[in-house]
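Note that these values count all heavy atoms, side chains included, but never hydrogens, waters or copies made by symmetry.
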Amino acid sequence: QPGLSRHASRLPGNGAALGSRGVSAPRPIHRALVVTARNVESAGARLHVGVVTETYPPEINGVANTMRHLVEGLAARGHVVHLVRPRQPGCGGVSPPSNLGPRIQQTLVPGLPIPGYRGLRFGLPVFSRLRGLLRRHRLDVLYIATQGPLGHAALTVARLERVPTVTGFHTQFHQYS
């Protein structure tokens, strides 16, 4: 069916969730994602999930810890995770191998220092690199953890490439200003 991930057509119950008449008009993406997430494991399908975040271990903060649990949890369930994050000072372009497993692929992008957070950087909006990543890896879904320039660029590219996108709200930025 048009508009579904490459795994969705193999999932049990998919027709009923999207309507027995087929998909003639665009349906809310979140509905398809709920069906996909609920049935992927029973169908034995492996998703390609992109995760865009400004922070990830070895950095130490709540968002980095949350993202580590999300990425490792998806990988432990057999999904392939494509992690996109800014290169941080001292990482030399690659993350220590102990942080990544065989199902986790990482793309480091350029960044600039975050005002008030010495040692942390926010990712620059690297549209062409993100577009290449989405096309090359044929992501089933993209999770955007931070709504900075990198996250906004990822959302723009995902819309252009028709990749379903979800986001979370992890930091109360207004409390820090």
Side-chain angles (χ1 to χ4, degrees), residues 1-11 14 17-19 22-41 43 45-56 59 63-64 66-75 77-88 95 100-101 103-112 114 120-171 173:
Q1 293 177 348
L4 297 178
S5 76
R6 65 179 179 266
H7 299 295
S9 61
R10 298 193 317 234
L11 300 177
N14 214 356
L18 293 175
V23 181
S24 56
R27 305 280 276 163
I29 289 176
H30 69 279
R31 178 115 179 187
L33 289 175
V34 169
V35 171
T36 301
R38 193 174 296 140
N39 297 304
V40 159
E41 286 187 27
R46 182 175 75 170
L47 293 177
H48 288 255
V49 180
V51 175
V52 176
T53 180
E54 305 289 341
T55 182
Y56 194 81
E59 293 132 33
V63 176
T66 299
M67 291 302 95
R68 180 180 59 84
H69 285 289
L70 174 67
V71 167
E72 290 177 357
L74 288 166
R77 286 167 180 77
H79 305 297
V80 176
V81 182
H82 302 276
L83 176 65
V84 179
R85 68 182 188 100
R87 181 177 292 109
Q88 297 295 343
S95 181
L100 304 175
R103 295 183 190 266
I104 303 169
Q105 300 172 10
Q106 179 175 236
T107 300
L108 297 175
V109 301
L112 294 173
I114 297 176
L120 284 183
R121 303 172 78 75
F122 65 88
L124 295 178
V126 289
F127 292 96
S128 62
R129 283 191 69 189
L130 290 168
R131 189 169 224 175
L133 178 102
L134 268 62
R135 286 180 174 175
R136 188 171 48 257
H137 297 293
R138 297 182 58 218
L139 298 181
D140 295 298
V141 64
L142 180 66
Y143 179 79
I144 301 172
T146 48
Q147 291 75 30
L150 178 60
H152 181 71
L155 178 61
T156 300
V157 170
R159 284 180 176 162
L160 291 171
E161 296 296 322
R162 302 181 59 85
V163 174
T165 306
V166 292
T167 189
F169 187 74
H170 301 278
T171 303
F173 287 111

Under 3.5 Å, side chain of E72 to main-chain N/O of H69, donor-acceptor pair present?
no
R159 side chain reached by T165 side chain, heavy atoms, under 4.5 Å:
no
For R136, look at atom CZ and say whether over 12 heavy atoms of other residues, nucleotides or ligands are found less than 6.0 Å away.
yes
Indicate the atoms forming the closest heavy-atom contact of V157 with F127, along with that distance.
CG2-O, 3.7 Å
Is there a donor-acceptor contact under 3.5 Å from the side chain of R103 to the main chain of G78?
yes
Student check: side-chain heavy atoms of R135 and E161 closer than 4.5 Å:
yes
Using a 3.5 Å distance criterion without hydrogens, assess whether the side chain of T146 forms a donor-acceptor pair with backbone atoms of E54.
yes
Minimum heavy-atom separation for P164 and R162, please, with both atom names.
CD-O, 3.7 Å
Taking every non-hydrogen atom, the tightest pair across A153 and V126:
CB-N, 4.4 Å
Using the rule given for side-chain contact (heavy atoms from CB on, under 4.5 Å), can you reason through L124 versus L112, listing the C-alpha separation, both sets of side-chain angles and the distance that settles it, and then say yes or no?
CA-CA 7 Å; L124 295 178; L112 294 173; 3.7 Å; yes
Closest heavy-atom pair, T107 versus L133, reported as atoms and distance to 0.1 Å, is OG1-CD1, 3.4 Å
Compare every heavy atom of T55 with every heavy atom of A64, then report the nearest pair and how far apart it is.
CB-OG1, 3.5 Å
Nearest 0.5 Å please: distance from the CG atom of L139 over to the CG atom of L130.
10.0 Å
Verdict with supporting geometry, L150 and I144, side-chain contact (heavy atoms from CB on, under 4.5 Å)
CA-CA 9 Å; L150 178 60; I144 301 172; over 6 Å; no
Check: M67 and V51 side chains under 4.5 Å, non-hydrogen atoms:
yes
Backbone N or O of H48 within a donor-acceptor pair of the D140 side chain at under 3.5 Å?
yes
In the structure I gave you, are the side-chain heavy atoms of R85 and L108 within less than 4.5 Å of one another anywhere?
yes
Can you name the closest pair of heavy atoms from I104 and A75 and give their distance?
CG1-CB, 3.8 Å
Taking the six-membered ring for Trp, is the centroid-to-centroid distance between H82 and H137 below 6.0 Å?
yes
Roughly how far, to the nearest 0.5 Å, is the CZ atom of R68 from the CG atom of L83?
12.5 Å
